[in-house]
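Hydrogens, waters and symmetry mates are skipped; everything else that's a heavy atom, side chains included, is used.
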Protein chains: 2
Amino acid sequence: MKDFIIVMKALSDPNRVKIIKMLQHKSMCVCEIKAALKLPQPSVSKHLKILEKAGLVSSQKDGLWVNYHLSNGRSTPYTATILENLKHWLNDDSEIARLIEKIPFLNRKELCS
Amino acid sequence: MKDFIIVMKALSDPNRVKIIKMLQHKSMCVCEIKAALKLPQPSVSKHLKILEKAGLVSSQKDGLWVNYHLSNGRSTPYTATILENLKHWLNDDSEIARLIEKIPFLNRKELCS
DNA sequence: GCACTATATTCCTTAAAAAGAATATATAAG
DNA sequence: CTTATATATTCTTTTTAAGGAATATAGTGC
């Protein structure tokens with residue numbers, strides 16, 4: 001039960017859901033997410049930590065950067081199903097659609113400096 | 001997005017999840033749920049309202065009683081999938097299992113008086 | 001009408017989550 | 001070792017959600 005609640009709470013925030021939707025298209029570092037969502041960097045880090053604890057995303061260090069990507073969902077039965085369904089859920093949301101469109105133009109070299 | 005968040009928030013509380021798991025086995029009135037979960041009546045009513053707003057449960061008046069049951073899930077794409085998966089999710093949770101076992105012994109006539 | 005019962009709502013208090021500012025850590029480059 | 005940059009953490013404040021007590025509503029039966 002506890003794990004289930006942690007997953008549901010992680011998904012109860014629009015910015016965190018947006019992060020998941022973006023990661024479906026591309027692994028991203030914190031500063032890319034920060035730029036896409038126009039949020040302060042500490043706020044992004046905190047959201048990512050919550051998603052990571054819920055088993056929804058994973059991270060990988062790359063020098064000074066930390067790349068975040070969707071997890072394989074194996075941590076709980078819920079994460080796998082939810083991540084799978086989130087592939088088609090919310091694609092018709094206009095705000096999500098706009099975010100996704102902008103992803104190809106995010107340039108880490110420009111953003112992080 | 002807003003609807004999705006409402007559903008996720010509704011599922012972010014253990015008592016509300018327990019209510020859903022019980023309703024999978026039996027339509028229940030407020031006082032039956034109250035007895036099963038050992039919660040104050042106003043608290044149960046409030047949880048039910050949140051579940052109803054999320055499109056997860058529906059209610060039907062029966063004289064002085066109000067029977068709650070799982071909704072058909074047609075209100076959003078999320079509710080249908082979540083309700084379907086919740087049929088097998090959490091069945092191995094000991095607290096849930098104990099609740100389900102007790103359902104047949106809930107007697108409305110005894111409880112509500 | 002009145003009394004009784006099941007449920008809902010309101011109001012207030014408490015707890016939990018989110019936002020913001022500041023600071024800390026870690027790695028890279030000189 | 002120093003500087004610079006990306007990210008994480010801490011601490012405080014604000015917002016949001018949950019709990020509890022009291023009251024309101026809506027049926028039922030007399």
*Closest to side chain of B:Cys29, choosing from C:dT10, C:dA8, C:dT7*: C:dT7
*Does B:Asp93 reach the main-chain N or O of B:Ile96 with its side chain, forming a donor-acceptor pair under 3.5 Å?*
yes
*asked:* In the structure I gave you, are the side-chain heavy atoms of A:Val66 and A:Ser59 within less than 4.5 Å of one another anywhere?
replied: yes
_Nearest-Å distance for atom pair NZ/P, residues A:Lys53 and D:dT9_ = 9 Å
*When you get a sec, tell me which of C:dA8, D:dA26, D:dT7 is the closest nucleotide to the side chain of A:Trp65?*
D:dT7
*Can you check the B:Leu39 CG to D:dA18 P distance for me, whole Å?*
13 Å
*Kindly point out which of D:dG19, D:dT7, D:dG20 is positioned nearest to the side chain of A:Cys31?*
D:dT7
*Ignoring backbone atoms, establish whether B:Lys61 has a side-chain N or O less than 4.0 Å from OP1 or OP2 of D:dA26.*
no
_Could you tell me how far apart B:Asp62 (CG) and D:dA26 (P) are, to the nearest whole angstrom?_
18 Å
_Nearest to the side chain of A:Pro42, heavy atoms from C-beta on, is which of C:dT27, D:dG27, D:dT9?_
D:dT9
*Which one, C:dT27, C:dA8, C:dT5, comes nearest to the side chain of B:Ser45?*
C:dA8
*Report yes if at least one side-chain N or O of B:Tyr68 is closer than 4.0 Å to OP1 or OP2 of C:dA6; otherwise report no.*
no
*Report whether A:Leu86 and A:Ile50 are members of the same hydrophobic cluster (ILVMFWY, side-chain heavy atoms less than 4.5 Å apart, transitive linking).*
no
*A:Ser58-A:Ser71 side chain donor-acceptor pair, cut-off 3.5 Å*: no
*Considering only D:dA26, C:dA19, D:dT7, which nucleotide approaches the side chain of A:Lys46 most closely?*
C:dA19
*Take A:Gln60 and A:Tyr68 through the side-chain contact (heavy atoms from CB on, under 4.5 Å) test and state the conclusion after the steps.*
CA-CA 6 Å; A:Gln60 206 165 6; A:Tyr68 284 86; over 6 Å; no
*Whole Å only: how far is the CG atom of B:Asn67 from the P atom of C:dA8?*
11 Å
*Integer-rounded Å distance: D:dT9 C1' and A:Leu48 CG*: 14 Å
*In residues 7-23 of chain A, which ones come under 4.0 Å of DNA chain C, going by heavy atoms?*
A:Lys9, A:Arg16
_Which nucleotide in D:dT7, D:dC11, C:dA26 has an atom nearest any side-chain atom of A:Gln41_ = D:dT7
_Rounded to whole Å, please give me the gap between CG in B:Leu51 and P in D:dA17._
15 Å
*To the nearest Å, how far apart are A:Lys49 NZ and D:dT7 C1'?*
12 Å
*Between C:dT7 atom P and B:Ile33 atom CD1, what is the distance in whole Å?*
9 Å
*So which one's nearest nucleotide on DNA chain C is more toward 5', A:Ser43 or B:Val44?*
B:Val44
*Applying side-chain contact (heavy atoms from CB on, under 4.5 Å), run through A:Met22 and A:Glu32 and close with a yes or a no.*
CA-CA 10 Å; A:Met22 292 195 294; A:Glu32 288 175 307; over 6 Å; no
*Going by atom types alone, do A:Lys61 and A:Asn67 pair a side-chain donor with an acceptor below 3.5 Å?*
no
*Flag yes if A:Leu48 and A:Met28 sit in one hydrophobic cluster, no otherwise; membership is Ile, Leu, Val, Met, Phe, Trp, Tyr, and two members link when side-chain heavy atoms are under 4.5 Å apart.*
yes
